[in-house]
Visitor: 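If you scroll down you'll find the structure; I have some questions about it.
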Amino acid sequence: MRAKIKRNLNHLQTLIKTQAPAEKILENDIEFHRLLASACCNPMVEKIYNFIMDSLRASISNTHRHQNGEYVLNAHQSIYEIICEKDYQGIESCIKKSIDIWYKLQD
């Protein structure tokens, strides 16, 4: 699963470098979260997580109007590093930072 997440991040970097449309970056963003949900290896958690992501899609789309994917990349790379390093103590702070950015980009 880490390899799939890494490919997603690499694809996001390409999208940013080529100044891809916000919709393409949004799709990559959603896919990243679907990969995280799948990585839980718990079908119930995966369904709930995907439901939440679907419910928040419009809000997430709105955040992409205020960026070119750079905030998404930074947040997703931080989450990926936490997973790879198995830094369970750092995950809460990492997710809080990600959510704080998401809220700020809602304006």
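In this chain, residues are counted from 1 in sequence order.
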Visitor: Which pairs pass ring pair (Phe, Tyr, Trp, His ring centres under 6.0 Å) with one or both residues in residues 74-94, sequence neighbours excluded?
Guide: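 Every pair satisfying ring pair (Phe, Tyr, Trp, His ring centres under 6.0 Å) with a residue in residues 74-94: F32-H76, H33-H76.
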Visitor: Quick one: side-chain hydrogen bond (donor to acceptor under 3.5 Å, both in side chains) partners of K96, sequence neighbours excluded?
Guide: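 Scan of K96 (side-chain hydrogen bond (donor to acceptor under 3.5 Å, both in side chains), adjacent residues dropped) gives D100.
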Visitor: Looking only at non-hydrogen atoms, find the nearest pair between K24 and L15 and report the distance.
Guide: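 Distance-wise, the nearest heavy atoms are O-CD1, 3.7 Å.
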Visitor: Which residues pass the side-chain contact (heavy atoms from CB on, under 4.5 Å) test with Y71, sequence neighbours left out?
Guide: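 By the side-chain contact (heavy atoms from CB on, under 4.5 Å) rule, Y71 matches Q67, I101, L105.
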Visitor: Going by atom type alone, with no hydrogens or angles, which donor-acceptor pairs under 3.5 Å involve a side-chain atom of residues 39-48 and a protein atom two or more places apart or on another chain?
Guide:
residue: N42; atom: OD1; partner: M44; partner atom: N; Å: 3.0
residue: N42; atom: OD1; partner: V45; partner atom: N; Å: 3.2

Visitor: Could you pull out all residues at least two apart from A75 that satisfy side-chain contact (heavy atoms from CB on, under 4.5 Å)?
Guide: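 Scan of A75 (side-chain contact (heavy atoms from CB on, under 4.5 Å), adjacent residues dropped) gives S98.
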Visitor: Tell me, with the steps shown, if N10 and Q13 meet side chain to side chain contact (heavy atoms under 4.5 Å, CB included).
Guide: CA-CA 5 Å; N10 290 340; Q13 288 175 327; 3.6 Å; yes
Visitor: Considering only heavy atoms from C-beta outward, does the side chain of S78 approach that of K97 to under 4.5 Å?
Guide: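 Answer no - side chains too far apart.
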Visitor: Return each pair, listed once, that meets salt bridge (charged side-chain N to carboxylate O under 4.0 Å, His left out) where at least one residue sits in residues 51-62; pairs must be two or more places apart or across chains.
Guide: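 Sorted result for residues 51-62: E23-R57, E27-R57, R34-D54.
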Visitor: Restricting to side-chain hydrogen bond (donor to acceptor under 3.5 Å, both in side chains), what partner residues turn up for N68, sequence neighbours left out?
Guide: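 None.
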Visitor: Among pairs that include at least one residue of residues 62-78, which meet salt bridge (charged side-chain N to carboxylate O under 4.0 Å, His left out), considering only residues two or more places apart or in two chains?
Guide: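 Every pair satisfying salt bridge (charged side-chain N to carboxylate O under 4.0 Å, His left out) with a residue in residues 62-78: there are none.
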Visitor: In chain order, what residues pass the side-chain contact (heavy atoms from CB on, under 4.5 Å) check against D87, with sequence neighbours excluded?
Guide: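 Partners of D87 under the side-chain contact (heavy atoms from CB on, under 4.5 Å) test: I82, E85, Q89.
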Visitor: Could you work out, with side-chain hydrogen bond (donor to acceptor under 3.5 Å, both in side chains) as the rule, every residue matching S59, not counting sequence neighbours?
Guide: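 Q106.
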Visitor: Could you grab the distance from atom CD1 of I30 to atom CG of L56, nearest 0.5 Å is fine?
Guide: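 Going from the CD1 atom of I30 to the CG atom of L56 covers 8.5 Å.
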Visitor: Is the side chain of T63 donor-acceptor paired with the backbone N or O of I60 at a distance under 3.5 Å, no angle test?
Guide: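 Checking the backbone N and O of I60 against the side chain of T63, a donor-acceptor pair under 3.5 Å is found.
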Visitor: Going by the rule side-chain hydrogen bond (donor to acceptor under 3.5 Å, both in side chains), which residues pair with H64 if we only count those two or more places apart in sequence or in a different chain?
Guide: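 Scan of H64 (side-chain hydrogen bond (donor to acceptor under 3.5 Å, both in side chains), adjacent residues dropped) gives D29.
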Visitor: Do Q77 and K6 have side-chain heavy atoms sitting under 4.5 Å apart?
Guide: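 Heavy-atom side-chain distance check fails, nothing below 4.5 Å.
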Visitor: Starting at CD1 of I5, measure out to CG of L36 and round the result to the nearest 0.5 Å.
Guide: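 Result: 5.0 Å between the selected atoms.
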Visitor: Report the residues that fulfil side-chain contact (heavy atoms from CB on, under 4.5 Å) with K4, sequence neighbours left out, ordered by chain and then residue number.
Guide: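 For K4 the side-chain contact (heavy atoms from CB on, under 4.5 Å) partners, ignoring immediate neighbours, are M1, R7, L35.
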Visitor: Could you measure the distance from the NZ atom of K86 to the CD1 atom of I83? Nearest 0.5 Å is fine.
Guide: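 With rounding to 0.5 Å, NZ (K86) is 11.5 Å from CD1 (I83).
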